[in-house]
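Since the structure comes first, as structure tokens, the remarks are kept for the end.
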Number of protein chains: 2
Amino acid sequence: MPTRKTFASNPAQNDAADTRTRILAAALKLFRKHGYHGVGLNDILELAQAPKGSLYHHFPGGKEEIGVAVVDQIAKGILGLFAASRARSTAAMIAQVGEQMAQTIERTNHELCALYTAFLAERSSSPDLGNAVAKAYAEMTGSLKARLVADGMPAKLAKDRASFVVMLLEGGATIAQAQQSVAPFRLAVKQAALLCDVALK
Amino acid sequence: MPTRKTFASNPAQNDAADTRTRILAAALKLFRKHGYHGVGLNDILELAQAPKGSLYHHFPGGKEEIGVAVVDQIAKGILGLFAASRARSTAAMIAQVGEQMAQTIERTNHELCALYTAFLAERSSSPDLGNAVAKAYAEMTGSLKARLVADGMPAKLAKDRASFVVMLLEGGATIAQAQQSVAPFRLAVKQAALLCDVALK
DNA sequence: CATTCTGTAGACCAGTCGGTCTAGCTACGC
DNA sequence: GCGTAGCTAGACCGACTGGTCTACAGAATG
């Protein structure tokens with residue numbers, strides 16, 4: 001598997017994943033656990049087993065560029081879950097994806113729950129990061145809205161409901177982390193699904 | 001107005017508020033804007049117009065103690081809003097308090113929205129802060145549940161609904177900050193109130 | 001072989017971090 | 001007056017921050 005384009009993988013160091021991927025994975029894990037400002041580049045580097053030179057080679061924009069990449073990746077992941085769901089109704093899809101998220105929360109000992117919470121405070125100090133977060137939310141809401149409309153819900157209502165569900169997931173994840181329990185999150189998911197189902201009015 | 005106990009106010013510096021209060025107010029503002037890790041002690045000191053010695057006199061525990069104090073203060077504030085509300089039903093109370101929060105969000109240019117988001121990532125590095133956040137959520141949920149029970153809602157359902165409302169407020173505030181718009185938050189509040197009202201089933 | 005390009009490796013930097021320490025001021029008890 | 005406690009004031013500290021820089025290893029191209 002080539003690292004990039006025509007460049008064959010380095011047989012010495014790239015055992016499993018290339019350096020860029022390792023750095024991104026490490027950053028994802030740490031940012032969601034400690035928050036953007038709570039993580040130092042050295043933490044990322046240590047976890048990724050990479051030197052600083054590699055980091056700035058793959059991410060010339062430094063920490064901020066890594067942050068944006070992580071936000072994008074999270075968004076892509078959730079959107080991917082939505083897309084991959086074969087559930088018949090939107091309500092069923094939310095229940096299914098929500099359960100997948102709940103299990104992730106459990107698997108990580110309630111450490112990496114909140115979706116973008118970790119990045120939220122950055123708008124003032126870093127417009128790029130703030131925009132990335134806003135875009136991620138907008139995409140999730142948009143995707144959900146589209147599904148609801150396809151179900152037959154009026155556009156205006158669908159938009160509100162989609163926004164509502166996203167809020168619920170975010171808030172639920174946040175509180176799950178605070179309380180060290182997924183129970184609130186599961187409750188939120190259940191209610192959100194219910195709301196998309198019965199409330200097609 | 002004496003600063004503390006029998007100690008008369010310092011005529012030179014304590015014009016409006018004593019130093020401890022100023023430090024706390026500054027920390028509150030900055031933490032909610034940039035997050036716990038995004039704020040340095042020097043930032044707080046500059047905004048509060050206080051020297052470092054005063055900070056460590058009033059908060060021997062340093063930054064962490066300030067963080068805990070800020071979380072407590074936020075919780076006290078919201079609980080106070082609940083208590084002060086003269087609304088007849090719980091639903092009306094939520095609508096009223098939610099509107100007050102929405103106005104605060106607007107007044108601060110969507111900068112200090114999320115309730116505890118800023119502190120959430122700290123559980124791993126600081127148990128005290130994590131516990132303070134968890135306690136704050138528990139208190140809010142408890143207070144809301146008590147109101148709902150007083151309204152005649154069964155205890156189990158009231159607990160779920162209270163938890164649900166808190167999640168919604170938190171998620172709504174988070175997304176309001178991300179999108180730089182209170183509209184999602186107002187929507188969340190409306191839905192939350194509705195849910196407490198019609199769903200007494 | 002020589003050059004070049006991709007990427008690794010880590011020493012190094014100025015600036016900032018949270019935190020400590022001593023000095024001094026002011027108001028009160030005596 | 002004197003001593004002491006409450007509090008202000010800020011110099012100072014080692015650790016660490018994000019970021020830059022040079023050196024170099026290896027595969028690709030000629």
Side-chain angles (χ1 to χ4, degrees), chain A residues 1-24 26-27 30-31 34-70 122 125-126 128-129, chain B residues 1-24 26-27 30-31 34-70 122 125-126 128-129:
Chain A
M1 187 196 302
T3 303
R4 239 160 147 57
K5 291 177 189 169
T6 63
F7 196 68
S9 66
N10 181 338
Q13 285 286 354
N14 290 339
D15 293 334
D18 70 13
T19 308
R20 195 193 132 93
T21 306
R22 284 205 320 277
I23 291 174
L24 210 49
L30 292 172
F31 283 157
H34 303 280
Y36 181 74
H37 276 136
V39 176
L41 292 189
N42 293 332
D43 302 328
I44 299 175
L45 261 10
E46 193 188 350
L47 184 60
Q49 288 278 54
K52 217 163 228 184
S54 299
L55 189 149
Y56 276 91
H57 170 76
H58 293 290
F59 303 93
K63 193 183 185 184
E64 195 171 339
E65 184 176 343
I66 297 183
V68 171
V70 167
E122 317 315 325
S125 52
S126 160
D128 284 355
L129 251 178
Chain B
M1 186 195 303
T3 302
R4 237 161 147 58
K5 291 178 188 169
T6 62
F7 197 69
S9 67
N10 180 339
Q13 286 286 355
N14 290 338
D15 293 334
D18 69 15
T19 308
R20 195 193 134 94
T21 306
R22 284 205 320 279
I23 290 174
L24 211 48
L30 292 172
F31 282 157
H34 304 278
Y36 180 75
H37 277 137
V39 177
L41 291 189
N42 293 332
D43 302 328
I44 300 175
L45 261 10
E46 193 188 352
L47 183 60
Q49 288 278 56
K52 217 163 228 184
S54 298
L55 189 149
Y56 276 91
H57 171 75
H58 293 290
F59 303 93
K63 194 184 186 186
E64 196 171 339
E65 183 176 344
I66 297 183
V68 171
V70 167
E122 317 315 324
S125 52
S126 160
D128 283 356
L129 250 178

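All chains are named by letter (A, B, ...) in the order of the sequence lines, taking the proteins before the strands, and each is independently numbered beginning at 1.
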- Note on the structure: Interatomic distance, CG@A/L41 vs CG@A/L55, rounded to 0.5 Å, equals 6.0 Å
- Item | Residues within residues 38-46 of chain A bordering DNA chain D, heavy-atom distance below 4.0 Å | A/V39, A/G40, A/L41, A/N42
- Query: Can you tell me how far CZ of B/R22 sits from OG of B/S54, rounded to the nearest 0.5 angstrom?
  - Reply: 8.0 Å
- For B/E65 and C/dG18, what is the distance between atoms CD and P respectively, to the nearest whole Å? 15 Å
- Message: Just so I know, are the side chains of B/Q49 and B/T19 near enough to count as touching, which here means a heavy-atom distance under 4.5 Å?
- Response: no
- Message: Restricting to non-hydrogen atoms, name the atom on A/H37 and the atom on B/G38 that form the minimum distance, rounded to 0.1 Å.
- Response: ND1-CA, 3.2 Å
- Taking CD from A/E64 and P from D/dT17, how many angstroms apart are they, rounded to a whole number? 18 Å
- Note on the structure: Whole-Å distance, B/I23 CD1 to D/dT8 C1', equals 10 Å
- Item | B/S/- contact track for nucleotides 20-25 of chain C, protein heavy atom under 4.0 Å | B-----
- Message: Measure NE2/B/H58 against P/D/dG6 and give the value in whole Å, please.
- Response: 12 Å
- Item | Closest contact, heavy atoms only, A/H34 versus A/V39 | CB-CG2, 3.7 Å
- Query: Taking all non-hydrogen atoms of both residues, which atom of B/L129 and which atom of B/V68 are closest, and how far apart?
  - Reply: CD2-N, 3.9 Å
- Message: Side chain of B/K63 only, heavy atoms from C-beta on: which candidate in C/dG10, D/dG19, C/dG18 is closest?
- Response: C/dG18
- Please list, chain by chain and in numerical order, all residues satisfying ring pair (Phe, Tyr, Trp, His ring centres under 6.0 Å) with A/F31, sequence neighbours excluded. A/Y36, A/F119
- Can you check the B/R20 CZ to D/dT8 P distance for me, whole Å? 11 Å
- Message: What's the separation between atom CD in A/E65 and atom NE2 in A/H58, rounded to the nearest 0.5 Å?
- Response: 11.5 Å
- N/O (side chain, B/H57) to phosphate O (OP1/OP2, D/dA9) under 4.0 Å: no
- Reported CD1-to-CD1 distance for the pair B/I44 and B/I66, which is rounded to 0.5 angstrom: 4.5 Å
- Message: Whole angstroms only, please: what is the NE2-C1' distance between B/H37 and D/dG18?
- Response: 16 Å
